[in-house]
Amino acid sequence: MASPESEWCVPGVTFLKQLLKHFHVQSRWTGVCSSLTAVRGFEMFSDESLDAIEFKSSWKKERRVRDGSTQTSEIITNDVAAQSVDRQEIEVQTDELYEKQTPYRFVNDKSQELQDFLKRVEPFIHTQLEKNLRSHAFDGYDVNWHEETKTVACVHTLTHADLEPGLNVTGLSWNSTGSTVAVSYGRFDHEDWCTHKSLLCTWNVDRKNINPKKADVAVDISSCLMCLAFHPEVPAFIAGGTFNGEVQLWDLSQPDNPLLASSGIEDDSHRDPVSRVIWVLDPEGKGKNKYKLVSISGDGKILVWQASPQSKEIKLMDGFLLLAESMPRSMRKGRLRPDAEMGVTAISYTHEDKTLFVVGSEGGGVFKCSMNSSDRLVAGHIQSSVPLKNPVSFAFAPHVGPVYAVECSPYHRNLFLTCGIDQTARVYSMLQAKPILELEPAAGYIFSARWSPVRPSVFAVVTGEGQLLIYDLVVHKVNPVCTLEAGSDKKPVYTLEFNMHNRQLLATGDELGHVRVWQLNDELTIQDPGEVTVLADLADTALE
């Protein structure tokens, strides 16, 4: 039989022995068992303080900590001030100034010989001067200060790089000094309200460093610009008409805000695209109202505006309306109402009487009109702040289809030139209905026709096949004396303008937005003696 000590120790002490053996503390076993045996008779366990036992980890490593510090290099700062430079370019066009000449002074000679000489020659000189005043030997003669030119050449081809694709050249105009050409851009093939963004561009062709691919001045327009006209005396003042029916005025000397005034889209403005604007000398006007602005449109209206650079406003002063009742009965197609409007496509004033003008219409009609007409129309469907009158006093033989251009001769009061979609160019006399000369160049539609400002018998036309045709009635009355390819890739050429101040220059504009400036030769720019007589003889055929 086991002893009481062994009996007590077996269940518990055996476990402790094994536990202590596992942790390699067998040396303490004897003390533990003795303590347990001593208290066997009193109680099973008792409180006892033992030495601490340390168990070192077999898998964690001791961490070492070390303090360290570092110093970055010193940051050097430096403050520097800078001032930006603002630049602004401004272009102005000044009128040519002539140097004041020193007046001639007689030599301080009071000798008797000089007095006798002057008394002797004075009657002879006086007689010759009076003969010169009555002589017509030099009528129409203009001194040529330019170098002799034998050929017609294109000196500039102009286009604007930022031009929206598809825009055509719709109008051209030279300013009052003849140095700058203005171009209006738009489209003729609208089927609905215009949403295009167009431009008004100008180039100074007298500059040596002219940029042919970028305009000197480019003004953004909210709709297609269909026509334009420089002021006759103020080089930077220009008027134009838009597809939406607005008549606008610009001052190109103010690049930041060139738009001065606009007629807006109201009852007093046009309801259809503006076909043309033209400055007309007012015989009764004075000072700032010396010129009136006249606009025409497809709505049949001919509106007269008061506009000047000084007032910076545009105000409707008078108005006319072209109705179907003005058309000869032979021209009326179908059941056209007598009060139906006829679109006005072209207009020109005679050079001697600024109250007399000629218009062309969409239906092909050509009419002589008067600013003094008092025939008021009753057109209740048309609203206007001024009474609209019927300007027609005579109807000429019509074209077949729309008339694209009308221009009165600057050298004969009764002659005027027309062209149209029927591919003909005609010369009319105010004294008869039928044309006295009709030309058919067989080059497509004829979109524009202009008389030369320096040669009475010369005029030019542009065609739908891209040609510029120049006629000289002294040389030939049927065939052109000069045929030039003025359209890019034979595209239609829509407009042309002679330079009134530089007689050797002529500009054309085509469908692709290209403007060509042509230098004419001496044969087309120097007037021959008696040339006016040839034009007068042509006009006299209307009386035969």
For [X] and [Y], work out which heavy atoms get closest and say how close.
{"X": "Leu506", "Y": "Trp174", "value": "C-CZ2, 4.5 Å"}
{"X": "Val400", "Y": "Ile421", "value": "O-CG2, 3.4 Å"}
{"X": "Ala433", "Y": "Ala395", "value": "CB-O, 4.1 Å"}
{"X": "Thr242", "Y": "Ser223", "value": "CB-OG, 3.4 Å"}

Could you measure the distance from the [atom1] atom of [X] to the [atom2] atom of [Y]? Nearest 0.5 Å is fine.
{"X": "Glu341", "Y": "Leu322", "atom1": "CD", "atom2": "CG", "result": "10.0 Å"}
{"X": "Met430", "Y": "His412", "atom1": "CE", "atom2": "NE2", "result": "11.0 Å"}
{"X": "Ile238", "Y": "Leu228", "atom1": "CD1", "atom2": "CG", "result": "4.0 Å"}
{"X": "Cys154", "Y": "Arg516", "atom1": "SG", "atom2": "CZ", "result": "6.0 Å"}

Response to the item:
The complete set of ring pair (Phe, Tyr, Trp, His ring centres under 6.0 Å) pairs with one or both residues in residues 493-512, sequence neighbours excluded, reads Phe188-Tyr494, Phe447-Tyr494

Worksheet item: Parallel under 30°, tilted from 30 to 60°, perpendicular over 60°: which one fits the rings of Phe459 and Trp451?
Response: perpendicular

Are any non-hydrogen side-chain atoms of [X] and [Y] less than 4.5 angstrom apart?
{"X": "Tyr471", "Y": "Pro441", "answer": "yes"}
{"X": "Ile446", "Y": "Leu469", "answer": "no"}
{"X": "Gln527", "Y": "Pro456", "answer": "yes"}
{"X": "Met371", "Y": "Phe320", "answer": "yes"}

Side chains of [X] and [Y]: is there a donor and an acceptor less than 3.5 Å apart?
{"X": "Ser373", "Y": "Asp375", "answer": "no"}
{"X": "Thr170", "Y": "Ser184", "answer": "yes"}
{"X": "Glu233", "Y": "Tyr291", "answer": "yes"}

Worksheet item: ring-ring contact (aromatic ring centres under 6.0 Å, His included) with Tyr349: which residues, sequence neighbours excluded?
Response: Phe357

Worksheet item: Hey, is Arg207 close enough to Asp216 for a salt bridge, meaning N to O under 4.0 Å?
Response: yes

Item to complete: Could you tell me whether Arg455 and Asp472 make a salt bridge, using a distance below 4.0 angstrom between a side-chain N and a carboxylate O?
Response: yes

Item to complete: Output, in order, the C-alpha distance, side-chain angles, deciding distance and verdict of side chain to side chain donor-acceptor pair (under 3.5 Å) for Thr177 and Asn175.
Response: CA-CA 6 Å; Thr177 64; Asn175 73 345; 3.2 Å; yes

